[in-house]
Amino acid sequence: MGKLESREQFIRQLTEHQNRLYGYAYSLLGDHGQAADVVQETNLILWRKVDEFQPSKPFLPWAFAITRFQVLAFLRDHQRDRLLLDAELVEAMSDEVERKAEKFDAMRVALRHCVQLLSTNNRELVERRYYRGMSLTDIAEAADRTIGAIKVALMRSRRQLAECVRKRLAVEH
Amino acid sequence: MHVDLEELDSLLFDWESGSLDEDGIKRIREMLRKDADARSHFVTTQMISAAMQADANAALDLPFHGDSHSEPDFNSKSTTPNRRVRAPYFWISIAASLLACMTGSWLVYSHITGGFPRPSPIVGNNGRGLRDASKEPTAQGVALVTRLVGVTWGSGQAGIEVGQALLPGRFAIQAGHAQIEFFCGATVVVEGPAELHLESATRARVKQGRLRAHVPPAARGFSLKVDDLRVVDLGTEFGLSVSASGTNVQVFDGEVELHPPASERRLVKSGEAIVRTAQGEYQAARAVSASFVGIADLESLAQLQESARYRQWETWSAGLRHDPRLIAYYSFDEPGDWKRRLACSNEPANRELDGAIVGAQEVAGRWSGKRALEFKQPADRVRVQIPGEYGSLSLICWVKIDSLDRWYNSLFLTDGYEKGEPHWQILDDGRLYFSVRPVERGESGPRDYKALSPPFWEPSMHGKWIHLAVTCDVETNAIVHYLNGQILSRHTVPESRMPTTTRIGTASIGNWALPTLSETEFAIRNLNGSMGEFALFAAALTAEEIQEIYQYGKP
């Protein structure tokens with residue numbers, strides 16, 4: 001395979017798996033901004049290593065390994081920031097995160113279906129909080145409810161969603 | 001011993017909403033260390049959060065009903081289970097192939113959506129994938145405005161732009177000329193003052209004004225109504241003038257049928273004219289073609305107006321070149337063969353600041369005669385090398401965006417991203433994104449502040465020149481985004497996250513180059529569109545100055 005063709009393959013793989021890398025990084029960092037930064041850095045590193053890329057070998061395990069390394073580097077470089085996990089926990093959970101991140105797109109499909117099964121009120125709360133990024137205070141104000149009540153409703157919805165996604169993914173495999 | 005998953009959920013919820021304290025974080029870590037179920041539960045929860053965020057970022061059509069912010073017609077979300085999620089690459093390829101065959105209905109479609117006051121994000125997303133025939137948006141609209149020359153709008157008439165679709169209803173101009181293309185194929189040049197009521201793609205009522213209609217055979221049957229008199233075109237060119245003193249129908253070519261209310265229809269032939277007086281009497285007359293402005297006349301009028309605007313901008317631009325605050329100014333207006341060099345237009349001249357054109361091709365700019373560069377291929381860019389250290393910055397450009405199909409669509413980025421270096425780009429959801437790195441790479445310390453504007457991109461902007469600007473004031477810690485001379489968003493940056501010194505060094509216009517590679521051709525960030533002017537100032541310009549730059553430069 002020519003160099004150009006191989007690079008094209010690489011770019012195809014890299015773009016195709018952006019969401020999975022994002023899911024991976026987010027799961028270990030718990031912060032969307034931090035995860036986006038790490039994915040950006042990871043893309044850069046992967047690109048620098050493009051000559052090591054072998055189209056015949058699976059791309060994802062390689063990319064996940066570098067993402068994990070970048071997550072650890074991020075934790076090391078941002079010790080003064082508010083961080084959810086420490087290096088030890090990242091190491092301990094990275095295998096499971098990798099397994100689940102592989103199925104990230106299937107999860108997104110399942111999730112969209114599951115969101116529709118929520119009650120109208122809960123669906124609206126979920127939409128506002130997670131898809132439109134409204135703050136809890138704003139949501140509570142708009143709904144004329146307390147933040148505590150919103151939290152309870154959102155947590156209940158999240159549990160329903162998790163259960164529904166689990167079932168749907170179980171059926172598929 | 002098992003941990004309480006509800007407690008974990010509650011802690012994670014607080015973490016996500018930013019209200020969890022140090023003890024809470026410790027507690028989460030403790031639970032995760034202790035229990036495998038907790039870890040598994042944690043990963044699933046996080047993955048779902050990431051999935052929701054990914055969908056939110058992609059502004060995919062969300063699985064929600066009754067979104068009050070959107071046009072219901074565009075947003076009828078009946079359930080469609082098992083819809084495939086496509087990977088970003090797939091969106092890009094779809095967008096590219098769409099772009100390649102972006103003709104006919106698609107063009108019309110994007111114009112139509114532009115005609116609505118608030119296109120929903122779902123509309124904006126169309127053309128990036130997720131095509132589902134049953135969901136193809138339907139829209140109203142009976143005609144397009146295709147040319148405006150010297151138009152002033154009457155009271156009660158919102159300003160309309162070229163390319164905008166017209167819904168059935170009133171269309172009025174006080175002065176100037178407007179060219180309207182009805183969807184049936186008839187073209188009407190309207191001379192102000194005029195008032196029309198569009199009824200359908202083949203019909204309109206005329207209250208007042210002079211207009212000239214060109215009706216090709218395919219549009220035969222196009223009719224205009226004046227009070228109770230109907231003028232039906234049989235495939236021709238005719239003029240119609242309506243005023244208090246009466247109605248005048250003149251046929252320049254072909255035939256027109258007049259349908260008066262109470263009498264026989266009359267045929268008016270080429271060269272003939274009929275006048276209906278205010279008293280309702282019909283008189284024969286001769287047609288005088290020259291008294292009605294036609295398509296060709298309007299075109300030369302438009303060209304005159306265009307070259308006048310071009311000259312006005314050139315005069316202004318010649319003055320700008322001496323502005324001592326300019327770091328680098330690329331007018332994209334140098335005469336002669338560019339020889340793959342984008343000349344820096346600063347005065348006094350400094351050839352060191354010339355940019356090197358890589359890949360990008362020369363195309364027409366905002367006016368005929370004005371030049372621009374088109375960035376299409378992943379490697380297309382203009383390389384620049386700008387030495388020195390600065391404080392506040394302003395970045396300004398005229399761009400024509402074909403589509404935002406990259407995650408990051410570059411406007412101007414320094415190679416790498418070191419301390420004090422600015423990055424200016426557009427996210428695929430249409431938000432402007434400006435940031436300056438506050439600390440050395442690898443050094444722990446405050447993270448960069450990401451100044452993200454609200455989404456500004458609408459389908460109606462496709463293929464149009466737009467003016468973008470951002471100012472970064474290191475004294476007041478303010479970053480302000482502008483679109484077409486107006487403030488889009490203002491951001492206050494925490495002091496620790498704003499560097500006091502900024503620098504550029506090597507950088508790219510329209511792309512991002514990675515610093516450590518010699519053969520850098522990174523596909524992910526090139527601009528898909530054209531750029532026709534770029535200026536970099538060592539100062540934060542005021543809102544008035546940005547508005548002035550826009551006013552002088554607008555096409």
Side-chain angles (χ1 to χ4, degrees), chain A residues 7 11-12 14-19 22-23 26-28 30 32-33 35 37 43-44 47-48 77-86 88-89 92-93 96-97 100-101 104-105 107-109 111-113 115-116 120 123-124 127 130-133 135-136 151 154-155 158-159 161-162 165-166, chain B residues 6 9-10 12-17 19-20 25 28-29 32-33 39-57 60 62-67 79 81-85 87-90 92 378 407-408 442-445 447 450 514 516-517 520-524:
Chain A
R7 290 196 168 195
I11 288 167
R12 187 186 302 253
L14 183 61
T15 43
E16 202 165 283
H17 292 308
Q18 287 292 293
N19 284 330
Y22 178 78
Y26 178 83
S27 297
L28 293 170
H32 296 301
D37 282 358
N43 286 338
L44 217 146
W47 178 248
R48 286 180 186 156
D77 294 343
H78 294 81
Q79 285 171 18
R80 279 186 232 159
D81 287 11
R82 224 169 133 265
L83 298 168
L84 181 58
L85 302 184
D86 55 25
E88 187 195 331
L89 279 166
M93 291 200 284
E96 177 149 17
V97 169
K100 287 186 172 149
F104 191 68
D105 275 352
M107 184 173 236
R108 279 174 77 180
V109 174
L111 184 65
R112 283 189 213 157
H113 175 87
V115 165
Q116 295 191 356
T120 314
R123 197 168 55 224
E124 199 172 294
E127 181 197 354
Y130 298 107
Y131 291 83
R132 301 211 181 276
S135 74
L136 283 180
K151 176 176 170 178
L154 277 173
M155 276 177 60
R158 289 287 307 249
R159 265 198 295 281
L161 288 175
V165 166
R166 190 188 63 77
Chain B
E6 287 223 8
D9 277 344
S10 170
L12 278 176
F13 186 93
D14 291 344
W15 160 262
E16 221 172 55
S17 49
S19 61
L20 192 67
I25 294 175
I28 290 181
R29 292 181 180 176
L32 294 177
R33 260 187 260 287
R39 290 196 288 274
S40 183
H41 183 79
F42 171 86
V43 175
T44 305
T45 308
Q46 296 292 87
M47 213 57 85
I48 288 178
S49 294
M52 291 197 279
Q53 181 67 22
D55 273 5
N57 279 346
L60 281 174
L62 305 176
F64 300 108
H65 299 270
D67 178 356
T79 52
N82 303 326
R83 190 181 300 156
R84 268 200 58 192
V85 175
Y89 173 77
F90 211 36
I92 294 169
W407 277 28
Y408 300 92
E443 196 177 273
S444 64
R447 300 177 54 210
K450 297 170 174 42
L514 302 181
T516 54
L517 290 162
T520 304
E521 290 185 7
F522 200 56
I524 306 259

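Every chain is numbered from 1, with letters handed out A, B, ... down the list of sequences. Since we're looking at a predicted model, the values are computed, not measured.
Using a 4.5 Å cut-off between heavy atoms, A/A101 touches chain B through backbone and side chain atoms alike. Contact of A/L85 with chain B is made through backbone and side chain together, with heavy-atom distances under 4.5 Å. Within the 4.5 angstrom heavy-atom criterion, atoms from both the backbone and the side chain of A/D86 approach chain B. Using a 4.5 Å cut-off between heavy atoms, A/L28 makes no contact with chain B at all. For A/Y130, the parts sitting under 4.5 Å from any heavy atom of chain B are the backbone and the side chain alike. Of the atoms belonging to B/I28, it is side-chain heavy atoms, and not backbone ones, that fall under 4.5 Å from chain A.
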Q: Please report the C-alpha distance between A/H32 and A/Y26 in whole Å, then the side-chain angles of each, then the deciding distance to 0.1 Å, and finally whether the side-chain contact (heavy atoms from CB on, under 4.5 Å) criterion is met.
A: CA-CA 6 Å; A/H32 296 301; A/Y26 178 83; 3.2 Å; yes

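At a threshold of 4.0 Å, the pair B/D9-A/R159 counts as salt-bridged, since one of the basic side-chain nitrogens sits closer than that to a carboxylate oxygen. Ion pairing between A/E127 and A/R123 fails under the 4.0 Å rule for side-chain N and carboxylate O. Comment: B/R29 does not engage A/E88 in a salt bridge, judged by the lack of any side-chain N to carboxylate O separation of less than 4.0 angstrom.
The candidate from A/L83, A/D81, A/V165 with the greatest count of non-hydrogen atom pairs under 4.5 Å with chain B is A/L83. For chain A, the option among B/D14, B/L12, B/I48 with the highest count of heavy-atom pairs below 4.5 Å is B/I48. When each of A/R158, A/M93, A/M107, A/R166 is scored by its heavy-atom pairs under 4.5 Å with chain B, the top score falls to A/R158. If you tally non-hydrogen atom pairs under 4.5 Å between each of A/T120, A/D77, A/L89, A/L136 and chain B, the highest count goes to A/L89. Listed options B/K450, B/R447, B/E16, B/R39 were ranked by heavy-atom pairs under 4.5 angstrom with chain A; first place goes to B/R447.
Note that the CG atom of A/L161 and the OG1 atom of B/T45 stand 11.0 Å from one another [nearest 0.5 Å]. Note that CG of A/N43 is 4.5 Å distant from CG of A/L14, once rounded to the nearest 0.5 Å. If you take NZ on A/K151 and CE on A/M155, they are separated by 6.0 Å, rounding to the nearest 0.5 Å.
Proximity of a side-chain donor or acceptor of B/W15 to a complementary backbone N or O of A/G30 within less than 3.5 Å is detected.
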